[in-house]
Amino acid sequence: MVAALKVGIAGLGTVGAEVVRLIETQARTLSARCGRNVRVTAVTARSKAKKRDLELADVAWAKTPLELAVDPEVDCFVELMGGAGEPALSAVEAALKAGKSVVTANKALLAKHGVRLAKLAEQKGGALNFEAAVGAAIPVVKTLREGLAATAIDRVYGILNGTCNYILTRMEQEGLSFDECLKDAQRLGYAEADPSFDIDGHDTAQKLAILASLAFGTRVAQSAVYVEGISSITPEDLRAASDLGYRVKLLGVAVRTAKGIEQRVHPTMVPKTSSIAQVMGVTNALTIDGTGIPPITLVGPGAGGAATASAVVADIADVARGIRAAPFGRPVERLQETAKAPMERHEGGYYIRLLARDHAGTAATIATRLAEQKISIESIVQRHPNGSSTTAVPAKAAPVPVILITYATHEDAVYRALSAVQRDKVISGRPQVIRIEKN
Ligand code: HSE
């Protein structure tokens, strides 16, 4: 039998500890599937003294991640510390330079330095595997990189952040406030240490940059992703969306357009009938539209120790089997530069919620301003504070919410029309605008 694969793990937090356990409990299965044993030979973590409930008696402790990365007793360096900077960056670079294979769950590191690290892996012959960085246990990286190697991809879009989907689901189903739901997400351990990273869309943007690279051959770059978070979404938006046959999800979307690859993260209205709209709670999902085949939707756990460890150990198994795919699915020199999408040219349908002055002519003014921008209205609903709705604006005093759905138009036309409506003084406050993504 081939010699055991010697694994070194840097970082023994929730995921790291689960990886050690999984390699131990699945030892026979891994050995049978890989044709060789997989053994953890060395680890490192910030505190050696911390109680972890792990069997580490035969495992060496490295003083630093860097020491572990170049340890001759390590064939495969597993980076589970997180963060785009140190100590993860230098340790991963050192391991790759030493010709070792690297497995990481670090989306931030890949979104910032992915191209450079892939180049190093290519030059030195090691693998750089990162299935756990996106969608945890859902094999999205493998699906795009290997399963769909022969398929031209037109669009990938998905729910890539469990915290946001959990918040939006509970707000919709239980009518709870954004803050209450966020607190619960933190208590349950879904949210990042700094939850603004989740709710402002940056976590999704890093994951999307990785997926776009795999799908379209772009040079992975978080800076090329347009980002908007979910903090402006209100329970009223979720109710109105539901009445109109939609749900609001934080989507990451990468799509091929005539002007290039558009990468964007924002709250999105999706038809209730779509696969992605059925995905509730902390669950993640990715839909892939490939030329000539019906859409593929992958759904599953996108966060948590066990789900992330499942993907990390599968990546280690690939190293043990000797599988070396190009990290982003093609040689680094074939990856293309990409720029941030000019959202003013974005084309699609829009949900618009306005607080309209309740007097005769308001609806006509709004409709006129939209028509001037050649925006066609699919539906218009006025919601009374008591929750009922009509399709006409009555002649009474207090401001009332008016909700519009437009047919496909350009984003700059929407904002030009809304500026004109504001100048006409028939609405108060800032209009709420949510993009619609068709399936
Ligand atoms: N905070 C992330 C989420 C964890 O909520 O999905 C997984 O990246």
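Counting convention: from 1, in listed order, for ligands and their atoms alike. Quick caveat: nothing in here was measured; it's all calculated off a predicted structure.
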### Query
How far apart are the C-alpha atoms of Leu354 and Leu418, what are their side-chain angles, what is the distance that settles it, and do they pass the side-chain contact (heavy atoms from CB on, under 4.5 Å) test?
CA-CA 9 Å; Leu354 306 165; Leu418 292 178; 3.8 Å; yes
#### Entry: From CA spacing to verdict: side-chain contact (heavy atoms from CB on, under 4.5 Å), Ile23, Val313
CA-CA 7 Å; Ile23 291 176; Val313 178; 4.0 Å; yes
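For Glu437 and Lys249, the salt-bridge test fails: no basic side-chain N is under 4.0 Å from an acidic carboxylate O.
In the displayed structure, Lys124 atom NZ is contacted under 6.0 Å by at most 12 heavy atoms of other residues, nucleotides or ligands. Other residues, nucleotides and ligands contribute over 12 non-hydrogen atoms within 6.0 Å of the CZ atom of Arg321.
Closer than 4.0 angstrom to ligand 1 lie heavy atoms from Lys107, Asn161, Gly162, Thr163, Tyr190, Glu192, Asp198, Asp203, Lys207, Gly302, Ala303.
Annotation: ring pair (Phe, Tyr, Trp, His ring centres under 6.0 Å) contacts of Tyr350 (sequence neighbours excluded): none.
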